[in-house]
Peer 1: 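The structure that follows is given in the form of structure tokens.
In this text, all values refer to a predicted model and were calculated from it rather than measured experimentally. Naming convention: chains lettered A, B, ... in sequence-line order (proteins, then strands); numbering from 1 in each chain.
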Protein chains: 2
Amino acid sequence: MQTDMGTVAKALSLLTLFNHARTEIGLSELTRASGLNKATVYRLLCELQSGGFVEQTGSDRAYRLGPEVLRLAALREAAVPILSVSRAILDRLSADTGETAHLSLVRGESLNSLSHAYSPRHATRVMMEDAEVLSFHGTGSGLAVLAFADDDFVDRILSRPLVAHTDLTLTDPARIRQVLETVRASGLAEAVGGFEADVHSHAAPIFGADQRPIGALAVAAPVSRMTASQWQAIRSRLKRAATDLTQRIGGFCPPDYPRDRAA
Amino acid sequence: MQTDMGTVAKALSLLTLFNHARTEIGLSELTRASGLNKATVYRLLCELQSGGFVEQTGSDRAYRLGPEVLRLAALREAAVPILSVSRAILDRLSADTGETAHLSLVRGESLNSLSHAYSPRHATRVMMEDAEVLSFHGTGSGLAVLAFADDDFVDRILSRPLVAHTDLTLTDPARIRQVLETVRASGLAEAVGGFEADVHSHAAPIFGADQRPIGALAVAAPVSRMTASQWQAIRSRLKRAATDLTQRIGGFCPPDYPRDRAA
DNA sequence: GTTTGATGGTTCGTTATTCGAACCGATGGT
DNA sequence: ACCATCGGTTCGAATAACGAACCATCAAAC
């Protein structure tokens with residue numbers, strides 16, 4: 001991880017080490033996880049701390065993400081209000097389908113879940129966590145994005161090692177490219193048990209102002225509930241919701257994106 | 001702004017140049033505003049961009065905050081769920097008082113508004129924007145924080161030039177220290193027209209796990225509506241809401257904080 | 001009670017990295 | 001054709017980052 005990255009890239013890489021499982025990390029652990037020198041990590045942390053990007057807990061002296069990221073997120077929302085706009089759409093989508101709806105966004109060469117909505121209709125539901133890293137090849141959302149992404153982006157993603165989250169995960173690049181073809185035809189991706197067993201998920205890409213996919217809207221349901229009529233209902237509602245979201249954030253679907261056939 | 005800051009501090013300072021008025025900034029303008037060299041700014045931006053902290057718009061090549069800040073904010077919320085916890089409290093507070101409620105957090109030596117809730121009761125209401133920088137001496141929230149902050153923190157803040165936002169803004173450090181005494185006595189700060197004319201605002205500090213103030217909860221109303229009964233209602237409800245929030249985020253009020261006398 | 005192995009934090013000479021004036025090519029208004 | 005501005009690039013000089021070694025402190029181990 002330590003090859004030829006600039007000073008700020010190193011600093012930013014420290015921030016990426018935080019996740020839901022480790023929201024507070026000590027100096028030693030950060031140095032170990034980052035592969036950098038302890039003195040380097042400490043200096044970087046000091047600068048990040050004085051910028052408010054991390055803060056130290058009072059008890060142990062572990063570090064955690066600081067309040068400045070909240071401020072920046074609010075400003076990002078002011079510039080590109082994806083979260084606030086998607087809120088209503090997610091709520092409606094989960095209510096209409098009775099299942100869990102969630103939004104994820106592309107960030108470089110990874111995909112992050114960012115927001116979700118549950119439906120109270122069923123006792124069992126697919127649970128989500130925000131800020132989780134999703135895989136492109138194993139999730140409906142990832143496939144939806146790949147299907148409409150640049151060729152070289154797809155090449156980069158598929159040339160990396162493709163881990164199998166379950167024994168249903170597609171890991172053969174050629175097979176995945178076949179699937180992408182069908183996704184392109186319908187405008188919707190479908191993944192059954194590829195990321196988590198027993199989860200049947202549909203996903204539709206959302207596009208930015210440059211007509212390139214910036215993320216995906218998805219509905220995740222237990223496989224046991226996926227009847228034919230439910231399948232139909234999810235697909236039509238999801239597609240409408242995704243094009244709606246694309247439009248509301250000032251994005252444009254590319255010309256080759258299948259228009260939604262009627263209601 | 002350019003003296004003796006490390007490389008990452010410079011990079012982070014670029015991020016602070018964004019605000020509601022300028023959510024997208026070009027390279028030249030960033031260079032001018034930061035006081036750094038253009039090549040330096042460009043390199044920093046490239047690193048920030050590959051980290052997802054900024055992104056370039058397709059049209060002009062201006063920069064804006066990137067999606068990574070959303071992910072970090074979600075993780076920060078997972079570690080310290082101030083925003084999600086305060087949501088319900090803000091909603092209730094604004095509903096109960098019929099006025100605008102808002103939350104702001106200390107970030108280094110500045111105070112940022114972060115979340116708010118309006119009440120639909122009146123046609124005229126105090127409008128808020130999130131991620132705005134508030135002054136310590138001119139706002140109720142700032143005074144509430146100062147009143148329970150470390151002495152040297154207060155000294156640092158009050159030794160800076162104190163700008164007068166309106167002609168009612170307190171700018172005399174000695175006078176402000178007097179006010180802080182009364183705030184300490186009641187646990188509530190009051191500011192009339194100090195930041196924006198015609199705005200009467202009440203504020204109560206919220207505390208972290210180390211019993212030090214980390215922000216403030218406030219209610220802002222047009223001065224014209226501030227009757228005696230309304231004054232009473234706001235103060236009691238605000239105080240309860242603030243101690244409630246402090247408790248729910250795992251914080252503790254300091255021993256010298258006036259306990260809420262009954263309901 | 002001292003040994004051991006963690007931890008967070010600090011030092012300082014070497015060296016690799018950042019810096020910044022100048023330079024490009026493109027765009028656009030006069 | 002001109003001038004101004006834009007985003008982006010170059011390259012030698014100088015500065016700032018690096019990292020091995022070192023402290024201080026704590027907690028359990030012996």
Peer 1: Answer yes or no: does atom CZ of A:R64 have more than 12 heavy-atom neighbours from other residues, nucleotides or ligands under 6.0 Å?
Peer 2: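 Atom CZ in A:R64 is packed in, count exceeds 12.
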Peer 1: Round to the nearest Å and state the distance from B:E24 atom CD to D:dG7 atom P.
Peer 2: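 Distance, rounded to whole Å: 12 Å.
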Peer 1: Does a side-chain heavy-atom distance below 4.5 Å link A:Y42 with A:L30?
Peer 2: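 Counting from C-beta outward, A:Y42 and A:L30 never come under 4.5 Å.
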Peer 1: When you look at CG of A:D256, are more than 12 heavy atoms from neighbouring residues, nucleotides or ligands closer to it than 6.0 Å?
Peer 2: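 Atom CG in A:D256 is crowded, with more than 12 foreign heavy atoms closer than 6.0 Å.
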Peer 1: With a 4.0 Å cutoff (strictly under), does any side-chain N or O of B:R32 reach OP1 or OP2 of D:dT5?
Peer 2: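 No, outside the criterion.
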Peer 1: Between B:R177 and B:D155, does at least one N-O distance fall below 4.0 Å, as a salt bridge requires?
Peer 2: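 So B:R177 pairs with B:D155 through a salt bridge.
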Peer 1: Spell out protein contact along nucleotides 8-14 of chain C as letters: B when the base is contacted, S when just the sugar-phosphate is, - when no protein heavy atom is under 4.0 Å; keep the 5' to 3' order.
Peer 2: BBBB---
Peer 1: In this structure, which stretches of DNA chain C are paired as stems of three or more consecutive Watson-Crick or G-U pairs, both distances less than 3.5 Å?
Peer 2: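 So the stems come out as C:1-30 with D:1-30.
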Peer 1: Atom CG of B:L44 to atom P of D:dA17: distance rounded to whole Å?
Peer 2: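 These atoms are roughly 11 Å apart.
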Peer 1: How many whole angstroms separate atom CG of B:L36 from atom P of D:dG8?
Peer 2: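 In whole Å, D:dG8 P lies 17 Å from B:L36 CG.
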Peer 1: Check this for me, if you would: do B:E55 and A:R76 make a salt bridge, where the nitrogen-to-carboxylate-oxygen distance has to be below 4.0 angstrom?
Peer 2: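 Salt bridge between B:E55 and A:R76, a charged N being under 4.0 Å from a carboxylate O: yes.
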Peer 1: Roughly how many Å is it from CZ in B:R43 to C1' in D:dT9, rounded to a whole number?
Peer 2: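 These atoms are roughly 12 Å apart.
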Peer 1: B:L45 has an atom CG; how far is it from atom C1' of D:dG7, in whole Å?
Peer 2: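 About 11 Å, once rounded to whole Å.
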Peer 1: Using 30° and 60° as the class boundaries, would you call the ring planes of A:H165 and A:H137 parallel, tilted or perpendicular?
Peer 2: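 Geometry flag for A:H137 against A:H165: parallel rings.
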Peer 1: To the nearest angstrom, how far is A:K10 atom NZ from C:dT18 atom C1'?
Peer 2: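 The distance from NZ of A:K10 to C1' of C:dT18 comes to 12 Å, rounded to the nearest Å.
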Peer 1: Looking at A:T7, does any N or O in its side chain come under 4.0 Å of the phosphate oxygens OP1/OP2 on C:dT18?
Peer 2: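 So the side-chain polar atoms of A:T7 do come within 4.0 Å of the phosphate oxygens OP1 or OP2 of C:dT18, strictly under.
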Peer 1: Do A:D150 and A:R212 meet the salt-bridge criterion of a basic N to acidic O distance under 4.0 Å?
Peer 2: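 Looking at A:D150 together with A:R212, the answer is yes, because their closest N to O distance falls below 4.0 Å.
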Peer 1: The criterion is ring-ring contact (aromatic ring centres under 6.0 Å, His included); which residues satisfy it with B:H116, sequence neighbours excluded?
Peer 2: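 In terms of ring-ring contact (aromatic ring centres under 6.0 Å, His included), with neighbours along the sequence ignored, B:H116 is linked to B:Y118.
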Peer 1: Please give, in whole Å, the distance from C:dT18 P to B:M5 CE?
Peer 2: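 These atoms are roughly 16 Å apart.
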Peer 1: Using 4.0 Å as the upper bound for N to carboxylate O, is an ion pair formed by B:R184 and B:E181?
Peer 2: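 Judged by the 4.0 Å cut-off on N to carboxylate O distance, B:E181 and B:R184 do form a salt bridge.
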Peer 1: Over how many whole Å does the gap from A:E47 atom CD to C:dT18 atom C1' extend?
Peer 2: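 Roughly 13 Å, once rounded to whole Å.
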